[in-house]
Peer 1: 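What follows is a structure written as structure tokens; I'll ask about it next.
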Amino acid sequence: MHHRHDLYTRWSAEIRRKGYFHAGQRIGVAVSGGPDSVLLLHLMHKLAGESGLALAAVHFNHRLRGAESDGDEALVRSLAETLHVDYLRAEGDVGRVARERRGNVEAVARELRYRYFFSLVDQGRLDLVATAHTANDQAETVLMRLLRGTGTRGLGGIYPLLEGKVVRPFLGLTRAEVMAEVAARALAYRVDSSNLNLRLQRNKVRAELLPMLAKDYNPEIFTLLNQLADRSRDDEACLERSARERAQPWRTREGKEERIPIRALTELPPALERRVLRQMLQAVRGAAPGLTHAHIESLRRFAAEAQSGKALPLPGGVTARKEFSWLVVGPAAGKSVTGDYYYSVVIPGELAVPELGSTFGFKILPRSDPGRAYNLSKLTGLDPQKLTGELVLRNWRAGDVFCPVGSRGVRKLKELFRERKIPEVLRKGWPVILSAGQIVWVRGFPAAGFAVATDQGQQVLVVEEQFTRPSPIAQEKLI
């Protein structure tokens, strides 16, 4: 009894110190039926009583082992009834999905399981899902990633908190501690027969490689691999933040594309350059499965060496292009704007242009105001009194002419684009505004001379374009 009290006291004090849980939260405990997850449910049950948490046992039936899978589920259901906690379950035909995708069964099982966990949090049924990964799982993960090749991100291993949705409260405990506690409490659990299959790499690392390293090389191997993961996560967070901050003045968003001056990129240290490229790709395509170190290295080489006009295809329907002194990443060529668009403009007001992935704001300000309220270098001032007839926002069409303020005459927009080195792939969708059929505004150029706001006018019409960015996607691959 004394030993049991010791482990719970030590574990619960550590969990409280880390502040994972807060009174009133609904916590799901992922229970497979194995010893680690069965113990986690028992310890969380006691913690929930002391900390004011609502608990649910969560089980995902992978339908991989027939009657054995059903036996696992029956144990978890009866455990939830005994402890008087809610029981949430789902199932997936992992074998069928893996065959259809020609995928790795373990990876597909993990993906479907986590999709279920995330959905419970996203739907608001739970605040967090706790999984029972131990220090041994962490050591195995880090070692497996070393064996297949990895960087600092991979060495970070299993994250204690994943996307604010999944938490791993057992990472501070070894499997030996868990098994001793399970035995002391005489808890019933199931043995997963697939864990005995040494053809699976994780089982081989667990049963053969780690015991050999501990016996013949260093008995502290588990501790060392866990410490390496902790430090790697800290290093990675620092480098990610630094990459974001260093690139921030240079990175720009145009519709669905990310752009950066090549000089600004290649002057970064390689560690930051790699991360900036990865962040730009993630902003364009969301999560980055299938994106390897080799892809990032080929993109670095492309940025440094390729000639303007060249393109490099990347996984996930993304293409990188060199455009004069810029590196551009975006959806595969020609997909940035499809077809023509044409919208009536109401002033004041806002206008979303889905073809560009941006929203235009039209604001009328008193003459005295714009200098203080806005950075006018980014905006264009028009005189609303000089705008007659219907205002229209549309994409550039062949033959469009424009006379920006300060220009000595009417110019073809195509020529102005060429002088500005605006790439051809972007010209088709370039936004212009017409008043009574004449172009008064073009993105990135001064206003038309005849319509520009002067000191005599009482009011200024300001046109502002804001790009809608995709939400940042969490970095960690699902464990």
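Every value quoted in this text rests on a predicted model; they were computed, and no experiment measured them. The figures that follow rest on heavy atoms only: side chains count, while hydrogens, waters and symmetry mates do not.
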Peer 1: Pick out which of F402, Y341, F417 makes a ring-ring contact (aromatic ring centres under 6.0 Å, His included) with W430.
Peer 2: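 It is F417, the one option of F402, Y341, F417 that forms the ring-ring contact (aromatic ring centres under 6.0 Å, His included) with W430.
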Peer 1: Cation-pi check, R420 to F445: give yes when NZ or CZ is under 6.0 Å from the six-membered ring centre and within 45° of the ring axis, no otherwise.
Peer 2: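 Yes, R420 sits over the ring of F445.
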Peer 1: Could you please spell out the steps behind the side chain to side chain donor-acceptor pair (under 3.5 Å) verdict for T292 and H295?
Peer 2: CA-CA 5 Å; T292 65; H295 291 125; 3.1 Å; yes
Peer 1: Is a side-chain N or O of N395 found less than 3.5 angstrom from the main chain of P431, in a donor-acceptor match?
Peer 2: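 No.
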Peer 1: Taking ring pair (Phe, Tyr, Trp, His ring centres under 6.0 Å) as the definition, give me every residue that meets it alongside F170, ordered by chain and number, with sequence neighbours left out.
Peer 2: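 Once residues adjacent in sequence are excluded, the partners of F170 under the ring pair (Phe, Tyr, Trp, His ring centres under 6.0 Å) criterion are W11.
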Peer 1: With D93, which residues qualify under salt bridge (Lys or Arg N to Asp or Glu O under 4.0 Å), at least two apart?
Peer 2: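 Applying salt bridge (Lys or Arg N to Asp or Glu O under 4.0 Å) to D93 gives R96.
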Peer 1: I need the minimum non-hydrogen distance between I296 and L277, along with the two atoms involved.
Peer 2: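 Taking every non-hydrogen atom into account, O-CD1, 4.3 Å.
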Peer 1: Distance only, no hydrogens: is a donor on one side chain within 3.5 Å (strictly under) of an acceptor on the other, for Q279 and E240?
Peer 2: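 A donor-acceptor contact under 3.5 Å links the two side chains.
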Peer 1: Check A451 against L387 and note the closest heavy-atom contact, atom names and distance.
Peer 2: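 Result for this residue pair: CB-CD2, 4.0 Å.
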Peer 1: Could you tell me whether the side chain of L382 reaches within less than 4.5 Å of the side chain of V463, counting heavy atoms only?
Peer 2: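 Counting from C-beta outward, V463 and L382 do come under 4.5 Å.
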Peer 1: Without swapping roles, check the side chain of Q138 against the backbone of I158 for a donor-acceptor pair under 3.5 Å.
Peer 2: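 Checking the backbone N and O of I158 against the side chain of Q138, a donor-acceptor pair under 3.5 Å is found.
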Peer 1: May I ask you to decide if R168's main-chain N or O and Y159's side chain share a donor-acceptor pair within less than 3.5 Å?
Peer 2: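 Judged by distance alone, no pair lies under 3.5 Å.
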Peer 1: Would you check if Y343 and R394 make a side-chain contact, meaning some heavy-atom pair closer than 4.5 Å?
Peer 2: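 In short, these two side chains do not touch, never coming nearer than 4.5 Å.
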Peer 1: Decide, yes or no, whether a salt bridge links E111 with R113 under the criterion of side-chain N to carboxylate O below 4.0 Å.
Peer 2: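 No.
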Peer 1: Before accepting this row, confirm whether a basic side-chain N of the pair R301/E297 lies closer than 4.0 Å to the acidic partner's carboxylate O.
Peer 2: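 Looking at R301 and E297, the cut-off is not met.
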Peer 1: Is a side-chain N or O of S232 found less than 3.5 angstrom from the main chain of L228, in a donor-acceptor match?
Peer 2: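 Confirmed, S232 side chain pairs with L228 backbone.
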Peer 1: Taking S242's backbone N and O only, do any of them form a donor-acceptor pair with E245's side chain (distance below 3.5 Å, no angle check)?
Peer 2: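 No.
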Peer 1: For A303, is there any backbone N or O sitting under 3.5 Å from a side-chain donor or acceptor partner on K322?
Peer 2: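 The answer is yes, because a donor-acceptor pair under 3.5 Å joins these two groups.
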Peer 1: Sort and list the pairs that fulfil side-chain hydrogen bond (donor to acceptor under 3.5 Å, both in side chains) and have at least one residue in residues 121-130, not counting sequence neighbours.
Peer 2: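 Only D122-K165 qualify under side-chain hydrogen bond (donor to acceptor under 3.5 Å, both in side chains).
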Peer 1: Using the salt bridge (Lys or Arg N to Asp or Glu O under 4.0 Å) criterion, which residues pair with D36? Sequence neighbours excluded.
Peer 2: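 D36 satisfies salt bridge (Lys or Arg N to Asp or Glu O under 4.0 Å) with no residue once adjacent residues are dropped.
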Peer 1: In the structure I gave you, are the side-chain heavy atoms of H293 and R274 within less than 4.5 Å of one another anywhere?
Peer 2: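 Of all side-chain heavy-atom pairs linking R274 with H293, at least one is under 4.5 Å.
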Peer 1: Between the main-chain N or O of G34 and the side-chain N or O of S32, is there a donor-acceptor pair closer than 3.5 Å?
Peer 2: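 Checked: pair present.
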Peer 1: Please identify which of these residues, T319, V284, V318, meets the side chain to side chain contact (heavy atoms under 4.5 Å, CB included) condition with P331.
Peer 2: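 That would be V284.
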Peer 1: Does the side chain of L391 come within less than 4.5 Å of W441's, by heavy atoms?
Peer 2: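 They are not in side-chain contact.
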Peer 1: Just by distance, with hydrogens left out, do T359 and E465 show a side-chain donor and acceptor under 3.5 Å apart?
Peer 2: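 Note: T359 and E465 side chains miss the donor-acceptor criterion.
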Peer 1: Go through the structure and list residues passing side chain to side chain contact (heavy atoms under 4.5 Å, CB included) with D72, not counting sequence neighbours.
Peer 2: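 With sequence neighbours excluded, D72 shows a side chain to side chain contact (heavy atoms under 4.5 Å, CB included) to H59, R65, R190, given in chain and number order.
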Peer 1: Exactly one of L126, V31, V29, V76 should register a side chain to side chain contact (heavy atoms under 4.5 Å, CB included) with V58. Which one does?
Peer 2: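 The side chain to side chain contact (heavy atoms under 4.5 Å, CB included) with V58 is passed solely by L126 among L126, V31, V29, V76.
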Peer 1: Can you name the nearest heavy-atom pair linking Y87 to A80, along with the distance?
Peer 2: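 For Y87 versus A80, the nearest heavy atoms are CB-CB, 3.9 Å.
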Peer 1: Quick test of your reading of the model: are E254 and R443 salt-bridged, counting only N-O distances below 4.0 Å?
Peer 2: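 Salt bridge flag = yes for R443 with E254.
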Peer 1: My understanding is that only residues two or more places apart in sequence, or in another chain, count here; which of them pass salt bridge (Lys or Arg N to Asp or Glu O under 4.0 Å) with E323?
Peer 2: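 E323 satisfies salt bridge (Lys or Arg N to Asp or Glu O under 4.0 Å) with R259, R321 only.
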Peer 1: Consider only side-chain N and O atoms of R202 and T141, and report whether a donor and an acceptor are under 3.5 Å apart.
Peer 2: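 Yes, because at least one side-chain N or O of R202 sits under 3.5 Å from a partner of the opposite role on T141.
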Peer 1: Check whether any side-chain heavy atom of C238 sits under 4.5 Å from a side-chain heavy atom of D235, and report yes or no.
Peer 2: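 In short, these two side chains do not touch, never coming nearer than 4.5 Å.
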Peer 1: Are the side chains of R148 and R145 in contact, using a 4.5 Å heavy-atom criterion?
Peer 2: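 The answer is yes, as the side chains (C-beta and beyond) meet within the 4.5 Å cut-off.
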Peer 1: Would you mind checking if R263 and E267 are paired as a salt bridge, meaning a charged N to carboxylate O distance below 4.0 Å?
Peer 2: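 Yes, charged N to carboxylate O under 4.0 Å.
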Peer 1: Before you tell me yes or no, could you show the steps for S344 and E390 under side chain to side chain donor-acceptor pair (under 3.5 Å), namely the whole-Å CA-CA distance, both residues' side-chain angles and the distance that decides it to 0.1 Å?
Peer 2: CA-CA 7 Å; S344 287; E390 187 192 14; 2.6 Å; yes
Peer 1: Give a yes or no on whether the backbone of V452 and the side-chain of K386 come within a donor-acceptor separation of less than 3.5 Å.
Peer 2: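 Looks like yes, one N/O pair under 3.5 Å.
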